[in-house]
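Worksheet for the structure shown next.
Every heavy atom of this structure was used, including side-chain atoms; hydrogens, water molecules and symmetry mates were not. Below, read A as the first sequence line, B as the second, and so on, with proteins coming before strands; counting in each chain starts at 1.
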Protein chains: 2
Amino acid sequence: MKGQVLAEPGRATIIDVGRAAGVSAKTVSRVFNGERYVSEGVAQRVREAAAALNYHPNMLARALVSRRSHLIGLVYERPSPSYVVDLQEGVLARLKDERYRLVVIPVASMSERAAEVVGLLRSAALDGVVLAPPASDDPRILADLAAAGIRSARIAPTRDIEAAPSNLIDDISAAREIAAYVLGLGHRDVAVILGDPTHAATDMRLAGYRQAFAAAGVEMAEDLIGQGAFSHETGYAAAAALLAGPRRFTAILAQNDDMAVGALLAAREAGLRVPEDLSIIGFDDSEVSRISWPRITTIRQPVFDMAVAAADMVIAQLEGREPRRRVQHAHQLIIRESVAPPPAG
Amino acid sequence: MKGQVLAEPGRATIIDVGRAAGVSAKTVSRVFNGERYVSEGVAQRVREAAAALNYHPNMLARALVSRRSHLIGLVYERPSPSYVVDLQEGVLARLKDERYRLVVIPVASMSERAAEVVGLLRSAALDGVVLAPPASDDPRILADLAAAGIRSARIAPTRDIEAAPSNLIDDISAAREIAAYVLGLGHRDVAVILGDPTHAATDMRLAGYRQAFAAAGVEMAEDLIGQGAFSHETGYAAAAALLAGPRRFTAILAQNDDMAVGALLAAREAGLRVPEDLSIIGFDDSEVSRISWPRITTIRQPVFDMAVAAADMVIAQLEGREPRRRVQHAHQLIIRESVAPPPAG
DNA sequence: TTGAAAGCGCTAACAA
DNA sequence: TTGTTAGCGCTTTCAA
């Protein structure tokens, strides 16, 4: 029995391995980090000793000395489940095989955000973060992150596009296209359901709709603009309110798919057939748009790809490479069964 | 100029704060950890110095010395987005205000799992993990976790219920109830769409169906049992195959809601009305069951609550408290519009 | 190609 | 009530 004993948790350290292999701790470190200048014989001995002792490097110690936690955060405000999962899977796809881990940081609401991000900065020891809306548009968050030396990349920001690496689609053009498609089918009385007003996409998409109406020479009815917040429930409520109002319309432009599906339910309850009596249009091409009935005509926004690219931008910065500053991702009009020409009458 | 200078990252340490406040590092540590035995005057000075230096504790250093990363993992195999999000939100709800962070660890498939979990053990420095199916049923994973000293709690395990803290519903009874309900309406030719065979819930739910059939004295048609894997697509495919087969049936028992919605699509494409011509039954009460049309009759499984409880069990262990070993959560039959008595003919 | 010494920023244990 | 001394397990000098 020597005076030195393994710590109670029984976890072997680099020193134990070194002792067992008859080398210094530094040499063990070299082997485990794949550094050059270790003779193959020594490396072999070290590996055997490590295996025998069931040694695994302590990430916490590594993190302390290297100042790298290998933790990447994903900050988002809970929209629909499928959007969140697309986002996460995209980031994870890029992190895979990279030694980085994903920490999810959903924030409940605008008001909570400030405190939430302070907490994020102070306590989470993140190396970098991917910011989804609306955090991606918050100048204060960007400033705090930069001040704390936390790398970031953004999904769908609309302001200060150059402030941090960005991944975008052209929301205005996309909204214009889909509205033009609807108007092109002959619709003239078109309702709109807006998303959360704190998300900049809400304004951009509305601007795109307006451009399409202007180009078609159709007046947009301001009293047919309902307010939602990107959820199924708010889409349902907004559509129900519009349908209960005095003004008739033959199509609804919802600013995302969840609200479009909510509107679908409201239409059914009002006894309307979709698309024969009422056309319903979404945005995002999220899973619900594909599994609803009828399936929703929408704009495909490559959330997964955007998340992959954002994660890549964060990693590039962490590795000292220059990240791409701004990637414009392609959107696409997806025509499905929820839209038809307006009823003859 | 002293010889000692702040590190380039400019981040103040506990020593800098101590120097500025005229106290030792340990005293600063006491203040920041809310320990007793610090006079209010000193505490005040320390706080002011910390604020002036923009000091924030280094979590990595804390983690090293306390042997706590404050990271909790969530291991799951990607089922539907709404299930995943329910799970995450449940864990996060319990972690909120607890200084723990959630690291998501989706594993692609059974085969990947072993290596994935080895990686988890070795590299992620997790304090604890919540295991969703099918990881929650894997004895090897449980053994490895225990060996590594990582606390765990499980969602919906079916084997070795006492091996680690568990959260369950009574899948057999639940499946029996919903099948009994369908048989009670008069259905006799009932198809089944199974979930992923590697998930134990698949077997349990089938067993429950069988019990109901036996109790009703109805023979279960083995050639009406289709294989799915819990996804919308597999539900669609399995239902389409059954509908294309020779044998008629008036109801489909799908083992989750996603597959039920897939079956709904297949029924529509086959020109069948749901529920007039064909009843469709799901399981889980996930979001899709509420937003589909018709809405799906299903069994409510409180995934969110189970995740909250599982996170609580992990935290209890980390704090040295005795966790609850086994919580049986209540399920509930949710009757909606996708089921009707069999057509008269 | 290898090792010794120093220290990352913090806290536990003890002393004052 | 406060401070001192040792590390946590690893990597980074720098020397051999």
It should be established whether [X] places a side-chain nitrogen or oxygen under 4.0 Å from OP1 or OP2 of nucleotide [N].
{"X": "B:S29", "N": "C:dC10", "value": "no"}
{"X": "B:S66", "N": "C:dC10", "value": "no"}
{"X": "B:N33", "N": "C:dT11", "value": "yes"}
{"X": "B:S24", "N": "D:dT4", "value": "no"}

Heavy atoms under 4.0 Å, any strand shown: does [X] hit a base, just sugar-phosphate, or nothing?
{"X": "A:F32", "value": "nothing"}
{"X": "A:R30", "value": "base"}
{"X": "A:V38", "value": "sugar-phosphate"}

[X] [atom1] to [N] [atom2], straight-line distance once rounded to whole Å:
{"X": "B:E40", "N": "D:dT2", "atom1": "CD", "atom2": "P", "result": "10 Å"}
{"X": "B:R45", "N": "D:dG3", "atom1": "CZ", "atom2": "C1'", "result": "14 Å"}
{"X": "B:R67", "N": "D:dC8", "atom1": "CZ", "atom2": "P", "result": "8 Å"}
{"X": "B:L60", "N": "C:dC8", "atom1": "CG", "atom2": "P", "result": "14 Å"}
{"X": "B:Y37", "N": "D:dG3", "atom1": "OH", "atom2": "P", "result": "17 Å"}
{"X": "A:R62", "N": "D:dC8", "atom1": "CZ", "atom2": "P", "result": "18 Å"}
{"X": "B:L64", "N": "D:dA6", "atom1": "CG", "atom2": "P", "result": "19 Å"}
{"X": "B:K26", "N": "D:dT4", "atom1": "NZ", "atom2": "P", "result": "13 Å"}

Legend entry - Worked verdict on B:E322 versus B:Q317 for side chain to side chain donor-acceptor pair (under 3.5 Å): CA-CA 6 Å; B:E322 192 59 31; B:Q317 292 174 75; over 6 Å; no

Legend entry - Earlier contact from the 5' end, DNA chain D, for B:V65 and B:A43: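 Mapping each residue to its closest nucleotide by heavy atoms, the 5'-most match is B:A43.
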
Inset, instruction - Give a yes or no on whether the backbone of B:A163 and the side-chain of B:D160 come within a donor-acceptor separation of less than 3.5 Å. - result: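 Side chain of B:D160 to backbone of B:A163, a donor-acceptor pair under 3.5 Å: no, none is there.
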
Legend entry - B:R154 side chain vs B:A164 backbone, donor-acceptor pair below 3.5 Å: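 Side chain of B:R154 to backbone of B:A164, a donor-acceptor pair under 3.5 Å: yes, one is there.
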
Inset, instruction - Please evaluate the base of D:dG9 for a donor-acceptor partner in the side chain of A:R11 within a cut-off of under 3.5 Å? - result: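 No, no donor-acceptor pair under 3.5 Å.
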
Inset, instruction - Starting from the C-alpha separation in whole Å, work towards a yes-or-no answer on side chain to side chain contact (heavy atoms under 4.5 Å, CB included) for A:L92 and B:V104. - result: CA-CA 9 Å; A:L92 284 162; B:V104 295; 4.1 Å; yes

Legend entry - Minimum-distance nucleotide (side-chain atoms of A:T27 versus D:dG3, D:dC8, C:dT2):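 Nearest to the side chain of A:T27 among the choices is C:dT2.
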
Inset, instruction - Choose from C:dG9, D:dT2, D:dC10 the nucleotide whose nearest atom is closest to any side-chain atom of B:A61. - result: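 From the listed options, C:dG9 comes nearest.
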
Inset, instruction - Please work out which of the three classes, parallel, tilted or perpendicular, describes the rings of A:Y55 and A:F32, given edges at 30° and 60°. - result: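 Perpendicular, since the angle between the ring planes exceeds 60°.
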
